[in-house]
Amino acid sequence: MNEFSLIRHYFATQTTQRSDVTLGIGDDGAIIDIPSGYQLVITTDTLVAGVHFPVNTQPTDIGHKALAVNLSDLAAMGATPAWVTLALTMPSADRLWIGHFCTGLFRLADAHQVALIGGDLTRGPLSITIQAMGLIPTNQALKRSGAKPGDLIYVTGTLGDAGYALNHLNKSIDVSLIERLNKPAPRVEIGKKLRRIATAAIDISDGLCADLSHILAASQVGARVNVDLLPLSKELLKATDRASALSLALGAGDDYELCFTVSADQQENLARLLTNTDCNHSYIGTITAEPGLVLHYDNHSLFQGAIHGYQHF
Ligand SMILES: [Mg+2]
């Protein structure tokens, strides 16, 4: 394992340093200071080669995505990301690979002033586990459980792009669609703004229907979603027909957009809060007292199309 010890120094090459890290990489554990009036939000996600990303994915993209999916969970809680730990398992001590991996990881981490405060490296099939920690003013975290009948449902960005790219690996498709799969942009900025206004929130990792259903279950409500309002990118609509695009937007995972609910009287506040943010948001439907998720078209007839399936196991 000498070679592994040697490459551990890559973990310590990050630019971002935080004054609240009393003790970072190098001891048995890290020590961080939590400011008073704040709560710690903690999340963890594992990416396994061949399961969560194609085996031939570039190491810079793997580094980016492993962090992005965790920051996306913090965004869905309204938290400000601050620290991460990394457990990396790889088949051999490949210095070139880990150099590129750290480039992708640290580029995104530095952009969000997130510090890597601990790392572990072991030999085995490629898998990456990141634990991300963020801060939220006490009792302001966004949860899945607060949606009320009459609340409006929104999503950020566009849906289905990553799913399309996943279905067309190694084919020549629009590069922006490939970027959506390999380099998702966690909606941290929007998540923080939603603290003051959203009644419930979740990030879309497994597909809109699956993730919105988590909000409905936790909030004990239902929803009506107008599929004609789903935001579809012009690149996706150029690549495929509208029915396939809708199917991907409803069912495919990996978009890492936010889905959130807002009380109907807060519509103008929301528009004001989210002006000048880095991505748009779209109204897609309404929370109902009646349980279940109803998908319909503009003309109120029920959605008849297919929904792209996503199975974890
Ligand atoms: Mg999530």
Side-chain angles (χ1 to χ4, degrees), residues 39-48 51-53 62 64-87 108-109 112 114 127-136 140-147 153-163 166 180-195 198-219 221 223 225 231 248-262 279 281 284 287 293 308-313:
Q39 290 174 308
L40 195 57
V41 179
I42 305 169
T43 183
T44 191
D45 241 316
T46 296
L47 299 190
V48 176
V51 178
H52 300 99
F53 58 87
I62 298 172
H64 175 99
K65 190 162 183 175
L67 178 58
V69 301
N70 279 282
L71 297 189
S72 178
D73 277 328
L74 290 183
M77 303 296 292
T80 305
W83 315 279
V84 289
T85 61
L86 164 70
L108 182 63
H112 290 275
V114 166
S127 103
I128 304 105
T129 297
I130 286 184
Q131 181 180 54
M133 288 153 275
L135 292 170
I136 186 96
Q140 286 189 25
L142 303 172
K143 289 176 265 182
R144 299 177 179 181
S145 54
I153 307 166
Y154 291 84
V155 292
T156 60
T158 57
L159 302 177
D161 301 318
L166 189 62
R180 287 297 311 273
L181 175 67
N182 287 335
K183 295 181 83 178
R187 302 304 185 191
V188 170
E189 190 193 356
I190 291 185
K192 281 157 68 175
K193 293 193 173 190
L194 291 177
R195 273 176 203 167
T199 51
I202 194 167
D203 68 320
I204 304 175
S205 54
D206 294 344
L208 175 66
C209 288
D211 289 314
L212 175 56
S213 293
H214 292 315
I215 287 186
L216 304 185
S219 300
V221 291
V225 166
L248 289 164
L250 288 165
D254 276 314
D255 284 317
Y256 295 101
E257 296 294 349
L258 295 181
C259 174
F260 58 94
T261 56
V262 167
C279 99
H281 61 285
I284 60 163
I287 296 292
L293 174 56
H308 185 88
Y310 181 88
Q311 300 290 331
H312 268 292
F313 301 102

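As the structure is a prediction and not an experimental result, all values here were calculated from the model. We count ligands from 1, going down the list as the structure has it; atoms in each ligand are counted the same way.
Judged as a side chain to side chain contact (heavy atoms under 4.5 Å, CB included), and not counting sequence neighbours, the contacts of Leu142 are Leu194, Ala198, Ala201.
Contact detail for Asp254 and Ala162: the closest heavy-atom pair is O-CB, 3.4 Å. The nearest pair of heavy atoms linking Ala200 to Arg144 is CB-O, 3.7 Å. Residues Leu159 and Leu208 come closest through the heavy atom pair CD1-CD2, 4.0 Å.
Using cut-offs of 30° and 60° for the angle between ring planes, the Phe260 and Tyr154 rings count as parallel.
Screening Ile204, Asp203, Val155 for a side-chain contact (heavy atoms from CB on, under 4.5 Å) involving Asp211 leaves a single residue, Ile204.
For a distance threshold of 2.8 Å, the protein N, O or S atoms nearer than that to the Mg ion (ligand 1), listed by chain and number, are Asp73 OD1, Asp203 OD1.
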